[in-house]
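Step one of this worksheet: look at the structure below.
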Amino acid sequence: MLDPLARLGRAGIDTLEQIGRGHLLLLGILSGFADLARRPRLLIAQLYAVGVLSLLIVAVSGTFVGMVLSLQGYYILSQFGAEQTLGVMVAASLVRELGPVVAALLFAGRAGSALTAEIGLMAATEQLSGLEMMAVNPVKRILAPRFLAGFISMPLLAAIFSALGVVGGYFVGVGLLGVDDGAFWSQMQAKIDLQGDVRNGVIKSLVFGFVCTWIALFQGYYAVPTAEGVSRATTRTVVHSSLAVLGLDFILTALMFGD
Amino acid sequence: MASVGEPLVKIRDLHYSRDKNHIFKGVDVDIARGGVTAVMGPSGTGKTTLLKLIGGQLYPDSGTIHIDGQDVHKMKTSDLYRLRMRMGMLFQSGALLTDISVFENVAYPLREHTPLPESMIRKLVLLKLEAVGLRGARDLMPSELSGGMARRVALARAIALDPGMIMYDEPFTGQDPISMGVLVKLIRSLNDASRLTSIVVSHDVQETAGIADYIYLISDGKVVDQGVPEKMMDSRSEWSRQFMKGLPDGPAAFHYRAPELEQDLMG
Amino acid sequence: MRNSRHIEILVGAFMAAGLVALFFLAMQVSNLGSTSTGDGYRVTARFDNIGSLKVRSPVTMAGVRVGRVSAIDYDSTTYEAVVSLHIEGRFDQIPEDSFAKIFTAGLLGEQYIGLDPGGSESYLTEGGELALTQSALVLEEIIGQFLFSKAQEGVKDE
Ligand SMILES: Nc1ncnc2c1ncn2[C@@H]1O[C@H](COP(=O)(O)OP(=O)(O)OP(=O)(O)O)[C@@H](O)[C@H]1O
Ligand SMILES: [Mg+2]
């Protein structure tokens, strides 16, 4: 039986080791960006795997979230005779919060888990080892393009999510519930600020893209190279990414909108 | 013996352990330039580990490995990568990249490390695939290959850059007698034609003895015997004789360390 | 790589869709057309009390938005609030002697600055000052004044 204090100490040291490893890996990945300029094809292939393949789920979810927001918002706002501000409510929730956060959660589930499984399997089948022996650095050649693709895709996916959400909200609010067309857009345009809202939303999704892709690649690269190890790593990617997104969202929101 | 001057690889007093498992307890091995050196030993003694140590993928607890006079584990990363460009390694599992075709796998090191034009790469790749008898399989994906075929593609990839040294990890496993014969001849002719240095790790005593210039027998973390093949067959050491002739009875243990079977069964 | 053209086209479409979405958020959802970062000029106005006026509150003329509040400061020598207004460049013919009032949109709505045009021939330019101002109506003060005047009437009647 291990002394609880010793166990705590060991857990602490293990955590520090993980943090150190993660940052060293990140450093390796970032140093691979220079090579990437000479091989744009690697990036394009990953933009496809990470971005295009996540597009459908993000687009569908965004549209439906916008529609539901509009429906729920209408019933509450109409009680105060304020259904004219429906556009503001839908757009503000999407642009500030739901767009970046939900798109990031979907991204972690769709693209992040796939990245972890792919890298983990490449490690388990000695493909990464094989690359090293061919004098090819797998961190630069395999991880770096995936990282950059995730970082680029995330804000675009979040923007698509928000934009389609607004459109979905418009169809439900104006088309179905009869909110005035002009009021819907003009109130929205008067209250949603490019700097305060749209830009901050984009900053959030850049941060989320960075963190989610980092976690996914880290988990894959250091997965125990067995079927079970890779499956556990995949689960960890989704759980850690989701928690990181929600936690960071709170911090970023407090910093940005805390006045 | 083909040993000319300094050995290419010099391993001195190598110690390596994984967790609590002492895999090497002081190993000395010389790999002669331009020769075929075989490393043999029971399954699980650390032959694959030894190759990874030579390739600089693992770090020893103590002891040194010099290649061409340079300490592999004290090199700068960029130098290590330059060294690996002149080293080919055939992995036990093949380690092919599963998302690209056979052709692209063999072309991969060429595309990475040479500025050759596409037409030249195509010619080289087809020649290497021809050498392992798989030119017709160039458009298959690695998942569509059998284990033995995958290993041969991996061999074609390992020799794509015409390295100065090749490490073969179990090249013969899973090959039918015909491809086995072709591989044996291929390894030998590669070696003789271009004064390549080869390290072969294998269990196949007959084939290995047929092409090796020198054999090391490793067991239980130590070199138990070494010599030219003919001498090993009737070595003074009873252990070597048993291993080389594949006899079930003798000092060499077939089982992994365990308590007596009777005790285990009785619980 | 197989289908590499196909993949390139899809990636191109994805990037384009993402940029269109960002453009849509900037132009249609937010107020890029009238944002305070564009060209324009800055004038100041002093108020005794600005109520709950905020940075980015609208500035309107005849109900049309012409700018935004860009900063709010406090002048500790005169005990006044100094409000900086960012007026868009295309509204460059606002008389110098215009009257700035703080209004409330609806009974409980947010506050904004309304400009009543004066009669001057010269117009406001960068760094100008609106001299004529009327402070925000603070609900509590109005109620207080009302009660006070009623009480006064009561005293007279006696
Ligand atoms: N990743 C690992 N983690 C822990 N122990 C390992 C790992 N890989 C190998 N080992 C241990 O190292 C020892 C040597 O393994 P290695 O793969 O080098 O054996 P080998 O001689 O190549 O065997 P074989 O002939 O069956 O391929 C084994 O006892 C194994 O248990
Ligand atoms: Mg092995």
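Lettering of chains follows the sequences in order, A, B, ..., and the numbering in each one begins at 1.
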Between A/V88 and chain C, with a heavy-atom cut-off of 4.5 Å, which part of the residue counts as in contact: side chain, backbone, both or neither? neither
Supply the atom-to-atom distance A/L194 CG to C/M27 CE, rounded to the nearest 0.5 angstrom. 9.5 Å
Report, as yes or no, whether the 6.0 Å neighbourhood of atom CD1 on A/I203 holds more than 12 heavy atoms from other residues, nucleotides or ligands. yes
CZ (A/R199) and CG (C/L22) are apart, to the nearest 0.5 Å, by 13.5 Å
Considering all heavy atoms, the nearest A/A163-C/F24 contact: CB-CD2, 3.6 Å
Spatial distance of atom CG (C/L10) from atom CG (A/L47) [nearest 0.5 Å]: 12.0 Å
Would you find more than 12 non-hydrogen atoms of other residues, nucleotides or ligands less than 6.0 Å from C/R46 atom CZ? yes
Within a 6.0 Å radius of atom CD on C/Q134, are there more than 12 heavy atoms belonging to other residues, nucleotides or ligands? yes
Verify the neighbour count for atom CZ of A/F33: are there more than 12 heavy atoms of other residues, nucleotides or ligands below 6.0 Å? yes
Tell me, for A/L164 versus chain C, whether the close heavy atoms (under 4.5 Å) come from the side chain, the backbone, both or neither. neither
Of the listed A/A158, A/S153, A/P155, the one with the largest count of heavy-atom pairs under 4.5 Å with chain C is A/S153
What option among A/L156, A/D197, A/V202, A/V198 has the most heavy-atom pairs under 4.5 Å with chain C? A/L156
Taking everything shown except C/Y74 itself, do over 12 heavy atoms lie less than 6.0 Å from its OH? yes
Which answer fits A/I44, side chain, backbone, both or neither, if we ask what part of it has an atom under 4.5 Å from a heavy atom of chain C? both
Picking from A/G87, A/A59, A/G51, which has the most non-hydrogen pairs under 4.5 angstrom with chain C? A/G51
More than 12 heavy atoms from other groups under 6.0 Å of CD on C/E121: no
